[in-house]
Amino acid sequence: MLKLLKHLGQYFIMMNKVISKPEKFKVFWKQLLLEIEKVGLNSIGIVLFISFFVGGVVSIQTAINMSNPLLPKYLVGLASRDSLILEFSPTMISLILAGKVGSSIASELGSMRVSEQLDALEIMGVNSASFLILPKIIASIFFFPFLVIMSMGIGMIGAWIGGLSVDLKTVDFLSGLKYEFTPFYVTYSLVKTVVFAFIIASVSSYFGYFTKGGSIAVGKSSTKAVVSSSILILVCNFILTNLLLA
Amino acid sequence: MIEIKNIEKHFGDVHILKDMTYKFEQGKTNLIIGESGSGKTTLLKILVGLYKNDNGSVLFDGIDVNKMKRKERKALRQEIGMLFQGGALYDYMNVEENIMFPLTMFTEKTEEEKLERVNFCLNRVNLDGKNHLMPSELSGGMMKRVSIARAIVMEPKYLLCDEPNSGLDPKTSILIDNLIQEITKEYNITTIVNTHDMNSVMEIGEHIAYINKGEIWWTGSKEDLIKSENKELNDFVFASELFKRIKNV
Ligand SMILES: Nc1ncnc2c1ncn2[C@@H]1O[C@H](COP(=O)(O)OP(=O)(O)O)[C@@H](O)[C@H]1O
Ligand SMILES: [Mg+2]
C-alpha cells in the first residue's frame with residue numbers, strides 16, 4: 001500500500017514534468033512523427049491480423065449456438081457487431097497494445113536510463129521527461145483510436161467470412177449489422193480507447209523512466225509496465241462502462 | 001574554476017561524501033582518483049546538478065549554483081560538457097545527429113553552420129567523415145571520441161569526464177587522455193576527469209585529488225604523488241608490482 005502511494009506520487013511528479021511546453025516545436029514535431037511510426041504504424045499488422053480472426057470466430061460460435069430455427073437470422077451479425085464494438089476492439093486490442101507498445105516504451109526508456117542517455121539530456125538542459133514521453137503519449141492518444149476503428153472494420157469482415165463458412169447468408173449477416181445500430185456505442189468505445197492509450201503510454205513510460213540498475217532491471221521494468229497497464233485497463237474498463245453505459 | 005565547499009551526500013544511511021572542500025582550476029585537467037565506489041561519479045553528478053547535495057555549495061566561477069535563477073542555471077548547463085562512463089550517445093541518432101543535437105536544441109544556427117561546427121568537432125577528435133555511422137557501429141574508443149565531440153560542440157567552459165578510459169585498451173586510453181588534455185589547454189577550460197586508471201594519472205595528472213572514505217584524502221601533482229608518504233594513497237596508487245618498482249627507483 002505504501003509502495004503504491006510512492007509510485008503514485010512519483011508518477012504525478014513525472015507527469016508534471018512531462019506536461020510542459022516543448023523546447024523547440026520543430027524538434028518536437030520530428031519526435032512525434034517518430035513515435036507515431038513506432039507506436040502506431042508498426043502495430044497495424046498485428047491489430048488487423050488478430051481482429052480478422054477473432055471476428056471470424058465470434059460469428060461462427062454465435063451461429064452454431066443459435067442454430068434454433070426460431071431465432072432470427074440477423075442475430076449473428078448483430079452479436080458480432082456489438083461484441084466487436086463494445087468490448088473486443090477497444091479493450092482486447094488495448095490489452096494487446098499494452099503488451100506490444102507498453103513493453104517497447106518501457107524498455108526503450110529503461111535502457112536510456114541505465115546507459116545514462118537520460119542524464120546526458122538533462123545535463124544539456126533538456127527536460128528529458130517531456131522531450132521523450134510527451135510525444136509518446138500524444139502519438140498513442142491520437143493513433144490508437146484509428147487502430148481500434150480499423151479493428152472494428154476488419155473484425156466485421158472476419159465475422160462475415162466466418163459466417164459464410166457456416167452457411168450464413170450475406171443478406172442475413174448484413175441486416176444484423178444494421179439492426180438497431182446505436183452510434184453511441186462507437187463513441188463509448190473510442191472514449192475507452194483514448195483512456196487506455198493514455199494509460200499504456202504514461203504508465204509504461206513511468207516504469208521505463210525510473211528504471212534503476214542494469215540491463216536486468218530494464219527487463220523487469222518492461223514486465224511491470226505491461227502488468228500494471230493491463231490491470232489499470234481492466235479496472236478503468238469496469239469503471240467507464242458503469243459510467244457511460246449503465 | 002569550479003569550487004566545492006563543505007559538500008555532503010548520503011544515500012540512505014550511507015555517508016558517501018563527507019564535508020568536501022576543493023577547487024578545480026581553470027586551464028588544467030583536474031583529476032579525481034579513488035577506488036570504485038568511493039563516490040567519484042556521485043561528486044560529478046552533484047557538480048552538474050543531477051544529484052542534490054545534502055549540504056554545502058557548488059560554485060562555478062565564484063557563483064553559487066543554488067543561488068542562481070532558473071534561467072541562469074539553464075544557461076550554465078549549456079556551458080558544461082559532460083562525458084559519461086558509457087558514452088551515453090543517443091542510440092537512435094547517428095554520429096552527426098548526436099553531435100548536432102545540442103546545437104539544434106539551443107541555438108538558432110542554420111543547417112550549414114551546424115554541419116560546419118559538427119565537422120569541425122569530428123575533425124578535432126580524428127573522426128572525419130564518420131558522420132553517418134550509428135552508435136552501435138562504433139568501437140569503444142570511437143564512441144568515447146564522439147562523446148567528446150558532442151561535449152565540446154557548444155564550446156563549453158567546463159568539461160567533466162567520468163572514467164573516460166573505462167573499457168579501452170592502454171593505447172586508446174592514452175589517446176583519449178591526451179585529447180582531453182589538449183582540448184583543455186586549447187580552450188583554457190576547467191576540466192575534471194574521474195579515473196582509477198594509474199596510466200592516466202601518470203600521463204595527465206597535474207592537479208590530483210584522491211578521494212578516500214568520503215573525504216579528500218590527498219591533493220597534489222603527479223610529481224608529488226611519486227614522492228608522497230601517504231599510506232592509503234600509496235596502497236591505492238602503487239598497488240601493482242610495476243608501479244611499486246617505479247616508486248622505489
Ligand atoms: N542513486 C544511488 N542510490 C543509492 N546509492 C548510490 C547511488 N549512486 C551511487 N550510489 C552508491 O554510492 C557509492 C559511490 O558510487 P559512485 O559515485 O558511483 O562511485 P565511483 O564512481 O567512485 O565508482 C557506491 O557505493 C554506490 O553504490
Ligand atoms: Mg563511477
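Everything numeric here is computed off the predicted structure, so don't read it as measured data.
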Decide yes or no for Glu116(A) and Met82(B): does some side-chain heavy atom of the first lie under 4.5 Å from some side-chain heavy atom of the second? no
With heavy-atom distances below 4.5 Å as the criterion, would you say the side chains of Tyr92(B) and Lys38(A) are in contact? no
Residues passing the ring-ring contact (aromatic ring centres under 6.0 Å, His included) test with Phe210(A), sequence neighbours excluded, are Tyr206(A)
State, yes or no, whether a side-chain contact exists between Ile123(A) and Arg77(B) at a heavy-atom distance under 4.5 Å. no
Answer yes or no: are there more than 12 heavy-atom neighbours, outside Lys17(A) itself, under 6.0 Å from its atom NZ? yes
Verify the neighbour count for atom CG of Leu243(A): are there more than 12 heavy atoms of other residues, nucleotides or ligands below 6.0 Å? yes
Start with the C-alpha gap between Lys26(A) and Thr104(B), add the side-chain angles, then the distance that decides, and say whether side-chain contact (heavy atoms from CB on, under 4.5 Å) holds. CA-CA 9 Å; Lys26(A) 222 180 96 195; Thr104(B) 309; 5.8 Å; no
For residues 223-240 of chain A against chain B, heavy atoms under 4.5 Å, the residues are none
Could you check whether atom CD of Glu116(B) has more than 12 heavy atoms from other residues, nucleotides or ligands sitting under 6.0 Å from it? no
Validation row, ring centre Phe131(A) to ring centre Phe101(B) under 6.0 Å: yes
Around Tyr22(B), counting heavy atoms of other residues, nucleotides and ligands shown, do more than 12 lie under 6.0 Å from its OH? yes
Answer yes or no: is there a side-chain heavy-atom contact under 4.5 Å between Lys45(B) and Asp119(A)? yes
Phe49(A), CZ atom: more than 12 neighbouring heavy atoms under 6.0 Å: no
Report, as yes or no, whether the 6.0 Å neighbourhood of atom NZ on Lys100(A) holds more than 12 heavy atoms from other residues, nucleotides or ligands. yes
Given that the side chain runs from C-beta out, which part of Arg73(B) has a heavy atom under 4.5 Å from chain A: side chain, backbone, both or neither? neither
Determine the option with the most heavy-atom pairs under 4.5 angstrom with chain A, choosing from Asp91(B), Leu83(B), Leu160(B). Asp91(B)
I'd like to verify something: which residue of Leu34(A), Leu121(A), Val27(A), Leu118(A) has the highest number of heavy-atom pairs under 4.5 Å with chain B? Leu121(A)
In terms of heavy-atom contacts, Glu122(A) and Leu50(B) come closest through CB-CD2, 3.8 Å
If every non-hydrogen atom of Thr107(B) is compared with every non-hydrogen atom of Lys24(A), which pair is closest and at what distance? O-NZ, 2.7 Å
Which atoms of Glu79(B) are under 4.5 Å from chain A, going by heavy atoms: the side chain, the backbone, both sets, or neither? neither
Can you give me the closest heavy-atom contact between Tyr90(B) and Gln117(A), atom names plus distance? CA-OE1, 3.3 Å
More than 12 non-hydrogen atoms from neighbouring residues, nucleotides or ligands closer than 6.0 Å to CD on Glu35(B), yes or no? no
If you compare all heavy atoms of Lys74(B) against all heavy atoms of Gly125(A), which two are closest, and at what distance to 0.1 Å? CE-O, 3.6 Å
Where does Leu89(B) contact chain A at under 4.5 Å (heavy atoms): side chain, backbone, both or neither? backbone
Please check if the number of heavy atoms outside Met124(A) that lie under 6.0 Å from its CE is greater than 12. yes
